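Since we're looking at a predicted model, the values are computed, not measured.
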Amino acid sequence: MTAIVSLSFMVFLLPNQPPVSSTELPGEDFSQAHTQFSHYQNLVMVAGHSVLINPDARQARQQDSWYLEEYQRIPGQVDSFIDHIQVGVKTAAQDPSALLLFSGGETRGAAG
């Protein structure tokens with residue numbers, strides 16, 4: 001039997017760089033965003049493998065609370081999503097210079 005393991009969170013070091021000027025990207029002013037996020041040094045990114053479609057997060061461990069493709073409907077899959085979220089939150093909470101980012105989104109129309 002072959003096991004496929006995916007790393008669901010990654011920690012990246014973000015170098016301190018000056019803000020992008022509006023001359024580099026016409027029509028965009030990033031100075032406020034740079035000031036707001038300048039104290040972050042690390043990024044904790046949790047890969048989004050699905051979308052929680054139930055507005056009641058207390059039901060998140062139920063498979064029907066998620067938009068899942070057929071291949072994702074396997075025992076334990078939803079628990080792995082939640083475990084990845086929890087690891088990301090705990091990792092970011094331990095580092096005051098870390099920004100927590102959840103990647104992905106509602107890329108399929110049926111997901112809402």
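Considering only heavy atoms from C-beta on, Val44 stays 4.5 Å or farther from Leu101 through its side chain. Using a 4.5 Å heavy-atom threshold, the side chains of Val51 and Phe81 count as separate. The shortest side-chain heavy-atom distance between Ser50 and Trp66 falls under the 4.5 Å cut-off. For the pair Gln86/Asp83, a side-chain contact is recorded, criterion being any heavy-atom separation below 4.5 Å from C-beta on.
When hydrophobic clusters are built by joining Ile, Leu, Val, Met, Phe, Trp and Tyr residues whose side-chain heavy atoms come closer than 4.5 Å, directly or via intermediates, Ile85 is not grouped with Tyr67.
Listed by chain and residue number, Gln62 satisfy the side chain to side chain donor-acceptor pair (under 3.5 Å) test with Gln59 (two or more places apart in sequence, or in another chain). Evaluation of the side chain to side chain donor-acceptor pair (under 3.5 Å) rule for Arg73 yields no partner, not counting sequence neighbours.
The NE2 atom of His49 sits 8.0 Å away from the CD atom of Gln77 when rounded to the nearest 0.5 Å. With rounding to the nearest 0.5 angstrom, the CG atom of Leu68 is 10.0 Å from the CD1 atom of Ile74. A distance of 10.0 Å separates CG in Asp79 from CD in Gln63, rounded to the nearest 0.5 Å. For the atom pair CD of Gln41 and CG of Asp95, the computed distance is 9.0 Å after rounding to the nearest 0.5 Å.
Closest non-hydrogen pair, Ala47 versus Ser103, comes out as CA-OG, 3.2 Å. Smallest separation of non-hydrogen atoms from Ser97 and His39: CB-O, 3.8 Å. Residue Ile53 comes nearest to Asp64 through the heavy atom pair CD1-O, 4.0 Å, listed as atom of the first residue, atom of the second, then distance. When all heavy atoms of Leu100 and Ala92 are compared, the closest pair comes out as CB-CB, 3.9 Å.
Panel note: side chain Gln72, backbone Glu69; a donor-acceptor pair is recorded below 3.5 Å.
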